Protein chains: 2
Amino acid sequence: MTVSPPGPALSAPTLDHALGVLHANGLRASSARRLALEALYAAEEPVSAERIAGGLDGRLPPSDLASVYRNLETFERLGLVRHVHLVQGPGLYALAARERDYLVCERCGAIRPLMPGALADVREVVKRRFGLTPRFSHHPLVGLCEDCA
Amino acid sequence: MTVSPPGPALSAPTLDHALGVLHANGLRASSARRLALEALYAAEEPVSAERIAGGLDGRLPPSDLASVYRNLETFERLGLVRHVHLVQGPGLYALAARERDYLVCERCGAIRPLMPGALADVREVVKRRFGLTPRFSHHPLVGLCEDCA
DNA sequence: ATACTTGCAAATGATTTGCCAGTGT
DNA sequence: ACACTGGCAAATCATTTGCAAGTAT
């Protein structure tokens, strides 16, 4: 067990770390996988599989969409990545370390990422009262924003 | 303005009432529309457009799926019907008077309809804190149930 | 060498759209 | 009559699956 190096290691392990996790699980570090991971590290916001396959609009070489989906699923299984359903449009993927809770307006589509913990008490109330633990990072809290209500 | 007759009028207006609303909006009481409404009145639980088109598994004559979707949209516009997205599977439709809030497990798909008001305080907290008014009757509260957590 | 992977095409599921013939009023 | 509707086929969008050819280890 090694000591984490300084830098963004804890909040968002490096690409090398991700490749290490793949290797540790008997999976290969193919160029397509490297590319998908690079895209995820490069993107500031959650991105769709389509945008990853498009090389983030040309910033990176393009790759096959079906493979991107397959690899994203693999990354999720390994705990490296998480995706969120923002109600309209495709699912969006981000590094697990960048996971966030979201609020979405069902009418205008406005998306609002929240600070970690902002919904902690809501989650706790729902869990205690109904035995269901909400994951607003996967299925956001949906409703009408002030402008649309 | 007439006085509501006794009976289930308020909680779930009759089929005749629904047809009256159509008429009052210059829309026709076609047989396809009658059928879709009959299915909605007959169904105990929210139903998919597909099931309505199938005549509720044969209980009623079948009709065209695309038309069912178009008519359900019309009914929603008139406030007669509401649909809910239960995360997996197609949208489910029910008479507006039968609208309910739902809890859904993202893993096993378990669906739990709630008593009216059960989430009133949660909705209120989210509204005050973030300006977003959740509609758990349209997009349920999603998370992990006790068995899956 | 030999699994694991990719890339491409085709299938899937839910819903929408175009269009013309049919029908309620 | 005449606009509103229905029915049917085709299109869309996001995602999945099958499979033969390619490639990391």
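Protein chains get the first letters and strands the later ones, always in sequence-line order, with residue 1 at the start of each. Below, each value reflects all heavy atoms present in this structure, side chains not excepted, and no hydrogens, waters or symmetry copies. Fair warning: this is a prediction, and the values are worked out from it, not measured in the lab.
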Between CZ of B:R77 and P of D:dT5 the distance, given in whole Å, is 9 Å

Salt bridge (charged side-chain N to carboxylate O under 4.0 Å, His left out) filter on B:R59, not counting sequence neighbours, yields none

Hits for side chain to side chain donor-acceptor pair (under 3.5 Å) against B:R112, two or more places apart or cross-chain, chain-then-number order -> none

A:Q88 CD to C:dT16 C1', in whole Å, measures 16 Å

Here the ring pair (Phe, Tyr, Trp, His ring centres under 6.0 Å) pairs for residues 73-114 of chain A, sequence neighbours left out, are A:H83-A:H85, A:H83-A:Y93, A:H83-A:H138, A:H85-A:H138, A:H85-A:H139

Rounded to whole Å, the CG-C1' distance (B:L65 to C:dA14) equals 9 Å

Separation of C:dA14 atom P from B:E73 atom CD, nearest Å, is 18 Å

When rounded to whole Å, the CZ to P distance for the pair B:R33 and D:dC4 reads 11 Å

A:L92 atom CG is separated from D:dA14 atom P, nearest whole Å, by 11 Å

Applying salt bridge (charged side-chain N to carboxylate O under 4.0 Å, His left out) to B:D64 and not counting sequence neighbours gives none

Ion pair present between B:K127 and B:D121, side-chain N to carboxylate O less than 4.0 angstrom? no

* Asked: Should B:R123 and B:D101 count as an ion pair when the cut-off is N to O under 4.0 Å?
  -> yes

By side chain to side chain donor-acceptor pair (under 3.5 Å), B:T133 pairs with (sequence neighbours left out) none

With sequence neighbours left out, the residues meeting salt bridge (charged side-chain N to carboxylate O under 4.0 Å, His left out) with A:E106 are B:R135

In numerical order, the residues of residues 46-58 of chain A whose heavy atoms come under 4.0 Å of DNA chain C are none

When B:G91 and A:G26 are each assigned the nearest nucleotide of DNA chain C, the 5'-most assignment goes to A:G26

To the nearest angstrom, the CG-C1' distance between A:L22 and D:dT23 comes to 16 Å

Per-nt protein contacts along nucleotides 17-25 of chain C (heavy atom under 4.0 Å; B base, S backbone sugar-phosphate only, - none) come out as BBB---BBS

Got a list of side-chain donor-acceptor pairs under 3.5 Å for residues 44-55 of chain B, not counting sequence neighbours?
from  : atom 1 : to    : atom 2 : distance (Å)
B:S48 : OG     : B:R51 : N      : 3.1
B:R51 : NH1    : B:D57 : OD1    : 3.4
B:R51 : NH1    : B:D57 : OD2    : 2.0

Item to complete: Using a cut-off of strictly less than 4.0 Å, decide whether B:Y69 has a side-chain nitrogen or oxygen near OP1 or OP2 of C:dT16.
Response: no

A:H83 NE2 to D:dA14 C1', in whole Å, measures 12 Å

